[in-house]
There are 2 protein chains.
Amino acid sequence: MKDDSATPDADPVPLRRRRRATATREILDAAQEQIALHGPFGLSLRSIARGLGMTVQALYHYFPSRDELVTALITEAYHELADAVRSAVDSAPPHGDLPRFVIAAEAFRRWGLDNPSRFQLLYGTPLLRYEAPADGRTTAGARRIGTVFYRELFGAFTHEQLSRTEVPPLSPALRARLEQMPPEMFGGLPPQAAVLFVSVWGHLHGLVVLEVFGHTSFIGPLQAEIFRGAMHNLFSDTQRRIPAD
Amino acid sequence: MKDDSATPDADPVPLRRRRRATATREILDAAQEQIALHGPFGLSLRSIARGLGMTVQALYHYFPSRDELVTALITEAYHELADAVRSAVDSAPPHGDLPRFVIAAEAFRRWGLDNPSRFQLLYGTPLLRYEAPADGRTTAGARRIGTVFYRELFGAFTHEQLSRTEVPPLSPALRARLEQMPPEMFGGLPPQAAVLFVSVWGHLHGLVVLEVFGHTSFIGPLQAEIFRGAMHNLFSDTQRRIPAD
DNA sequence: AGATTTACCTAACAGTGTTAATCAAACAGT
DNA sequence: ACTGTTTGATTAACACTGTTAGGTAAATCT
């Protein structure tokens, strides 16, 4: 009898690591709650610390600065949003009455309306004196979101078809710029489709932004219907621009 | 000889009024400069006062609170943006190669890119602890902007034509809600056109927001071309949805 | 058991919006 | 011209923010 635990004695499971992990988690949760309550600019280290029963300076043992905490919050939010959109699409019937693009769009909108402050953290005014890290840590989740949408829009077509997408003629410069784009941006879409995708993304994004930021509140709860109709039109307009053969 | 001034002695032109007006103007200008430099959340009463060579508390004699100052800034910015869009449309040839809708859209985008911080003040995350006044002071300019756009989109059609705009069928509730909308909102547009306008506005707004907030910076300066193409398509798609007869 | 890392503390600095109390200059009415 | 009042601007203070420095006790590692 050498050990009473199920795991061999290879990893002693440092007890302090676990404490550190749970404390880190608690800080992140408290920060998210703060943002949900008072908006992304209402984030306050001192207030977080108060809520956890410790002093501000203690937080600096878990995050070296406010920026690092914010980076973690943004990264998490992007991935949560991406998960919401992706799982909505995955759990949808493959041939329902609603195009899966519309389902994805409505999941995006839903998350924004359910988490307005975190949506603002992602897509609103950049936080004061916050610099996003040079590596794409924060925006990796953002790209995951885009992937879902252009898969639904263009997944059924060949690269050759997409290259004949009906868009205004592209200047050689723009064509070249988009062709040498890293594949993680537009997934290797031909320039015509990439341009169309930017337009579609702007449309979808803009309607949600208007609603989440309260610029169309005078319409009331019926915005859901307007949004669905707009997304439906947007989807069919987009599909019509791609030649069937 | 009863008076040496050109104006009769009816209005003594209170000297202090003038000082007050110029001081107010100086404060507003300093505030706008601050916002332009450090973003809408970088506004600091103390910093404004320092720049003008006085103490913070003196500012309270011109604006009863920070919120009142912010309200003035937002109101001014909306009207400046509306002026920019309107004058661009007015100074455009009536039958040029570019639809006047596209010209208006590009003026809107141009102002946003030239004044990113003030654009964020209008359309970004609401300022912390700021409450917009109950009367529509701040949003009056915003409505002026909308007016320009739906005049260009729908001005050439009759009310009867617009009521047959091709959009997904509207629920009775939405139809009723839009019909009893105050006319300063959608200028008395029939519900079908109003719905289409919201969609168009979202599209236009979304593309500009993405660009101003830096979410498409990886595309570079060629976004101008993408934007023009998208607005061109948007305009023709919209016109196609309105029956010619 | 001794050395080291980790966690947390108090104290301090410069910054924020706002209120209170105070004082001088400009205006209004008699 | 002399009041009384409004306006402009001041100093002082309160509670708040992120961050750094220095010190202490506990947990971990060697």
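These figures come from a predicted structure and were not determined experimentally. Proteins come first, then strands; the chains are lettered A, B, ... in the order of their sequence lines, and each starts at number 1.
- In this model, the phosphate group of dC9(C) is approached by a side-chain N or O of Thr55(A) to a distance below 4.0 Å at OP1 or OP2.
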- Item | Base-pairing string, 5' to 3', of DNA chain C - Watson-Crick or wobble, under 3.5 Å, | interstrand | ||||||||||||||||||||||||||||||
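- Under the side chain to side chain contact (heavy atoms under 4.5 Å, CB included) criterion, Arg109(B) pairs with Leu113(B), Val208(B), Glu211(B), Gln223(B), Ala224(B), Phe227(B), sequence neighbours left out.
- For the pair Phe41(B) CZ and dG17(C) C1', the interatomic distance rounds to 15 Å; values are reported in whole Å.
- Per the geometry, CG belonging to Leu69(B) stands 10 Å off P belonging to dG17(C), to the nearest Å.
- Legend: residues meeting side chain to side chain donor-acceptor pair (under 3.5 Å) with His205(B), ordered by chain and number and at least two apart, are absent.
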List, with names and distances, any nitrogen or oxygen atoms from the protein found under 3.5 Å away from nitrogen or oxygen atoms belonging to nucleotides 13-19 of chain D.
{"unit_1": "dT17(D)", "atom_1": "OP1", "unit_2": "Ser44(A)", "atom_2": "OG", "d": "2.7"}
{"unit_1": "dT17(D)", "atom_1": "OP1", "unit_2": "Arg50(A)", "atom_2": "NH2", "d": "3.4"}
{"unit_1": "dG18(D)", "atom_1": "OP1", "unit_2": "Leu45(A)", "atom_2": "N", "d": "2.6"}
{"unit_1": "dG18(D)", "atom_1": "OP2", "unit_2": "Leu45(A)", "atom_2": "N", "d": "3.1"}
{"unit_1": "dG18(D)", "atom_1": "OP2", "unit_2": "Arg46(A)", "atom_2": "N", "d": "3.1"}
{"unit_1": "dG18(D)", "atom_1": "N7", "unit_2": "Arg46(A)", "atom_2": "NH1", "d": "2.3"}
{"unit_1": "dG18(D)", "atom_1": "O6", "unit_2": "Arg46(A)", "atom_2": "NH1", "d": "3.0"}
{"unit_1": "dT19(D)", "atom_1": "OP2", "unit_2": "Tyr60(A)", "atom_2": "OH", "d": "2.7"}
{"unit_1": "dT19(D)", "atom_1": "OP2", "unit_2": "Arg66(A)", "atom_2": "N", "d": "3.0"}
{"unit_1": "dT19(D)", "atom_1": "O5'", "unit_2": "Tyr60(A)", "atom_2": "OH", "d": "3.0"}

Show the atom names and distances, to 0.1 Å, of all donor-acceptor pairs under 3.5 Å that link a side chain in residues 64-82 of chain A to residues at least two apart or in another chain.
{"unit_1": "Ser65(A)", "atom_1": "OG", "unit_2": "Asp67(A)", "atom_2": "N", "d": "3.3"}
{"unit_1": "Ser65(A)", "atom_1": "OG", "unit_2": "Glu68(A)", "atom_2": "N", "d": "3.4"}
{"unit_1": "Arg66(A)", "atom_1": "NH2", "unit_2": "Leu128(A)", "atom_2": "O", "d": "2.7"}
{"unit_1": "Asp67(A)", "atom_1": "OD2", "unit_2": "Glu131(A)", "atom_2": "N", "d": "3.4"}
{"unit_1": "Thr71(A)", "atom_1": "OG1", "unit_2": "Asp67(A)", "atom_2": "O", "d": "2.9"}
{"unit_1": "Thr71(A)", "atom_1": "OG1", "unit_2": "Tyr130(A)", "atom_2": "OH", "d": "2.7"}
{"unit_1": "Thr75(A)", "atom_1": "OG1", "unit_2": "Thr71(A)", "atom_2": "O", "d": "2.7"}
{"unit_1": "Glu76(A)", "atom_1": "OE1", "unit_2": "Arg25(A)", "atom_2": "NH2", "d": "3.3"}
{"unit_1": "Glu76(A)", "atom_1": "OE1", "unit_2": "Gln32(A)", "atom_2": "NE2", "d": "2.8"}
{"unit_1": "Glu76(A)", "atom_1": "OE2", "unit_2": "Arg25(A)", "atom_2": "NH1", "d": "2.7"}
{"unit_1": "Glu76(A)", "atom_1": "OE2", "unit_2": "Arg25(A)", "atom_2": "NH2", "d": "3.3"}
{"unit_1": "His79(A)", "atom_1": "ND1", "unit_2": "Thr75(A)", "atom_2": "O", "d": "3.2"}
{"unit_1": "Glu80(A)", "atom_1": "OE1", "unit_2": "Arg118(A)", "atom_2": "NH1", "d": "3.0"}
{"unit_1": "Glu80(A)", "atom_1": "OE2", "unit_2": "Arg118(A)", "atom_2": "NH2", "d": "3.2"}

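- Rounded to whole Å, atom P of dC8(C) lies 9 Å from atom CG of Leu59(A).
- Listed by chain and residue number, Arg86(A) satisfy the side chain to side chain contact (heavy atoms under 4.5 Å, CB included) test with Asp90(A) (two or more places apart in sequence, or in another chain).
- Listed pair Arg20(B) / dG8(D) meets the phosphate criterion, a side-chain N or O lying under 4.0 Å from OP1 or OP2.
- Applying the ring-ring contact (aromatic ring centres under 6.0 Å, His included) definition to pairs two or more places apart or across chains, those involving residues 23-75 of chain A are Phe41(A)-Phe41(B).
- Summarising the geometry, the separation between NE2 on His61(A) and C1' on dC9(C) is reported as 9 Å, rounded to the nearest angstrom.
- Across all strands shown, Ala58(B) has heavy atoms under 4.0 Å from base atoms, whether or not it also approaches the sugar-phosphate.
- Spacing between atom CZ of Arg129(A) and atom P of dG15(C) amounts to 11 Å, rounded to whole angstrom units.
- Going from atom CD of Glu131(B) over to atom P of dG17(C) covers 18 Å, rounded to whole Å.
- Residues that satisfy the side chain to side chain contact (heavy atoms under 4.5 Å, CB included) test with Thr55(B), not counting sequence neighbours, are Gln57(B), Ala58(B).
- Straight-line distance from the CD1 atom of Ile48(B) to the P atom of dT18(C): 11 Å, rounded to whole Å.
- Between Trp201(B) and Phe108(B), the gap from one ring centroid to the other is short of 6.0 Å.
- Under the side chain to side chain donor-acceptor pair (under 3.5 Å) criterion, Thr125(B) pairs with no residue, sequence neighbours left out.
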